[in-house]
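Notes for the one structure printed next.
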Amino acid sequence: MIRLKRTSSRDIDFKNLTMELDSDLQGRYHDVQYQYNAYTDVSKINTVVVAYIQDIAVGCGCFKEISDRAVEIKRMFVNPYFRGFGVASSIIDELLIWSKQLYYNEALLETGKRQPESIKLYTKHGFQIIDNFGPYVGMAESVCMKREL
């Protein structure tokens with residue numbers, strides 16, 4: 001059974017999972033990844049979800065406000081050993097519910113062309129590919145997506 005915890009970016013399990021995410025992204029993007037590092041800072045985020053199976057932290061995600069009506073989903077990750085169990089779907093659902101509870105109207109995100117499993121997940125949850133927004137404009141490896149809440 002998947003248990004979800006709403007927390008902040010100070011949570012040690014979240015910090016450890018995002019280190020795993022950074023390692024995964026470095027393996028996929030090598031020299032390109034440094035361009036994106038400036039946009040991954042979530043050190044002062046109070047809208048974090050960590051997923052557990054039994055007492056093991058297996059996945060995470062968060063969102064941050066980008067306007068008075070929109071949030072950006074960030075730092076989504078599930079440990080590879082726990083993929084295929086619905087963890088990512090549980091996290092994204094919780095993030096969208098939480099965003100809606102805080103009266104946001106839309107969720108945006110950025111993922112990458114070398115993350116087809118992420119694009120598939122987000123599409124399954126109603127996100128559609130849009131033109132790159134904000135800091136991702138002009139970044140060839142970026143895929144930006146959006147959905148209404």
Side-chain angles (χ1 to χ4, degrees), residues 2-9 11 14 17-53 57-149:
I2 300 166
R3 178 176 58 88
L4 300 174
K5 176 175 79 170
R6 290 183 180 187
T7 186
S8 75
S9 58
D11 186 285
F14 178 70
L17 287 161
T18 57
M19 285 192 302
E20 287 184 58
L21 169 60
D22 289 339
S23 178
D24 178 78
L25 292 173
Q26 185 63 41
R28 291 177 195 242
Y29 293 96
H30 310 291
D31 58 333
V32 180
Q33 185 58 31
Y34 76 91
Q35 296 176 14
Y36 298 88
N37 289 343
Y39 311 120
T40 62
D41 179 35
V42 291
S43 61
K44 295 180 173 105
I45 300 284
N46 291 315
T47 48
V48 169
V49 172
V50 177
Y52 296 85
I53 294 179
V58 298
C60 65
C62 65
F63 64 88
K64 71 176 192 176
E65 180 179 279
I66 56 173
S67 77
D68 61 347
R69 69 179 313 264
V71 297
E72 181 180 1
I73 305 294
K74 303 193 68 68
R75 311 307 281 160
M76 282 287 300
F77 178 74
V78 175
N79 180 294
Y81 294 107
F82 294 94
R83 292 181 184 164
F85 296 105
V87 175
S89 287
S90 295
I91 294 168
I92 195 72
D93 287 343
E94 184 71 7
L95 291 170
L96 296 174
I97 289 167
W98 197 358
S99 299
K100 199 170 183 176
Q101 288 172 339
L102 295 175
Y103 303 104
Y104 293 102
N105 302 104
E106 60 187 20
L108 291 90
L109 60 86
E110 183 272 343
T111 188
K113 291 181 178 176
R114 299 180 199 177
Q115 296 164 263
E117 70 283 8
S118 295
I119 295 168
K120 183 178 176 182
L121 169 76
Y122 297 131
T123 300
K124 178 176 129 181
H125 287 273
F127 285 84
Q128 296 180 336
I129 295 175
I130 59 170
D131 291 337
N132 288 5
F133 66 91
Y136 311 109
V137 172
M139 292 194 167
E141 291 292 326
S142 286
V143 175
C144 290
M145 303 180 83
K146 172 181 155 181
R147 75 160 268 183
E148 299 297 319
L149 298 176

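For the single chain, residues carry numbers from 1 onward in sequence order.
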Practice item. Please determine which of P116, S118, S142 meets the side-chain contact (heavy atoms from CB on, under 4.5 Å) test together with T111. Key: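 Per the side-chain contact (heavy atoms from CB on, under 4.5 Å) rule, the option paired with T111 is S118, out of P116, S118, S142.
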Review point. Are the side chains of E117 and V78 in touch, meaning some heavy atoms are under 4.5 Å apart?
Key: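 They are not in side-chain contact.
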Output the distance between atom [atom1] ([X]) and atom [atom2] ([Y]), rounded to the nearest 0.5 Å.
X    : Y    : atom1 : atom2 : value
R147 : I92  : CZ    : CD1   : 8.5 Å
C144 : Q128 : SG    : CD    : 14.0 Å
L109 : L121 : CG    : CG    : 9.0 Å
I73  : C62  : CD1   : SG    : 8.0 Å
R69  : L149 : CZ    : CG    : 9.0 Å
I97  : L4   : CD1   : CG    : 9.0 Å

Residues two or more places apart in sequence or in another chain: which of them pass side chain to side chain contact (heavy atoms under 4.5 Å, CB included) with [X]?
X    : result
T47  : I45, F63, W98, L102
I129 : V143, M145
D93  : H125

Check your understanding: Does a salt bridge link E141 with R114, judged by any charged N lying under 4.0 Å from a carboxylate O?
Key ->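 R114 and E141: salt-bridged.
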**Study point:** Residues in ring-ring contact (aromatic ring centres under 6.0 Å, His included) contact with Y122, at least two apart in sequence or another chain
**Key:**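 Residues passing ring-ring contact (aromatic ring centres under 6.0 Å, His included) with Y122: F127.
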**Study point:** Counterpart residues, ring-ring contact (aromatic ring centres under 6.0 Å, His included), relative to F133 (two or more places apart)
**Key:**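 Counting only residues at least two positions away or on another chain, F133 forms a ring-ring contact (aromatic ring centres under 6.0 Å, His included) with Y136.
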Review point. With distance as the sole test, does S67 use its side chain to make a donor-acceptor pair with the main-chain N or O of A70 at under 3.5 Å?
Key: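 Confirmed, S67 side chain pairs with A70 backbone.
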Report the residues that fulfil side-chain hydrogen bond (donor to acceptor under 3.5 Å, both in side chains) with [X], sequence neighbours left out, ordered by chain and then residue number.
X    : result
Y52  : K5, D13
Q101 : R6
N132 : none
T7   : D11

Point to revise | E106 vs K146, salt bridge (charged side-chain N to carboxylate O under 4.0 Å, His left out): CA-CA, chis, key distance, verdict | key: CA-CA 7 Å; E106 60 187 20; K146 172 181 155 181; 3.3 Å; yes
Which atom names give the shortest non-hydrogen contact between [X] and [Y], and what distance separates them?
X   : Y   : value
S43 : S9  : O-OG, 2.8 Å
S8  : N46 : CB-OD1, 3.5 Å
S99 : V71 : OG-CG2, 3.5 Å
M76 : I91 : SD-CG2, 3.5 Å

Exercise for review: Determine, step by step, whether I66 and L108 satisfy the side chain to side chain contact (heavy atoms under 4.5 Å, CB included) criterion, reporting the C-alpha distance in whole Å, the side-chain angles of both residues, the deciding distance to 0.1 Å, and the verdict.
Suggested key: CA-CA 9 Å; I66 56 173; L108 291 90; 3.9 Å; yes
Practice item. Step by step, work out the side chain to side chain contact (heavy atoms under 4.5 Å, CB included) result for T18 and C60. Key: CA-CA 8 Å; T18 57; C60 65; 4.2 Å; yes
Point to revise | All pairs passing side chain to side chain donor-acceptor pair (under 3.5 Å) where residues 77-88 contributes a residue, at least two apart | key: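 Passing the test, one end in residues 77-88: E20-N79.
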Exercise for review: Report the C-alpha distance between V48 and V50 in whole Å, list the side-chain angles of each, state the deciding distance to 0.1 Å, and finish with yes or no for side chain to side chain contact (heavy atoms under 4.5 Å, CB included).
Suggested key: CA-CA 7 Å; V48 169; V50 177; 4.1 Å; yes
Point to revise | Test log, rule side chain to side chain contact (heavy atoms under 4.5 Å, CB included), inputs S90 and F85 | key: CA-CA 10 Å; S90 295; F85 296 105; over 6 Å; no
Review point. Which pairs, with at least one residue in residues 120-133 and sequence neighbours excluded, count as a salt bridge (charged side-chain N to carboxylate O under 4.0 Å, His left out)?
Key: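 Passing the test, one end in residues 120-133: no pairs.
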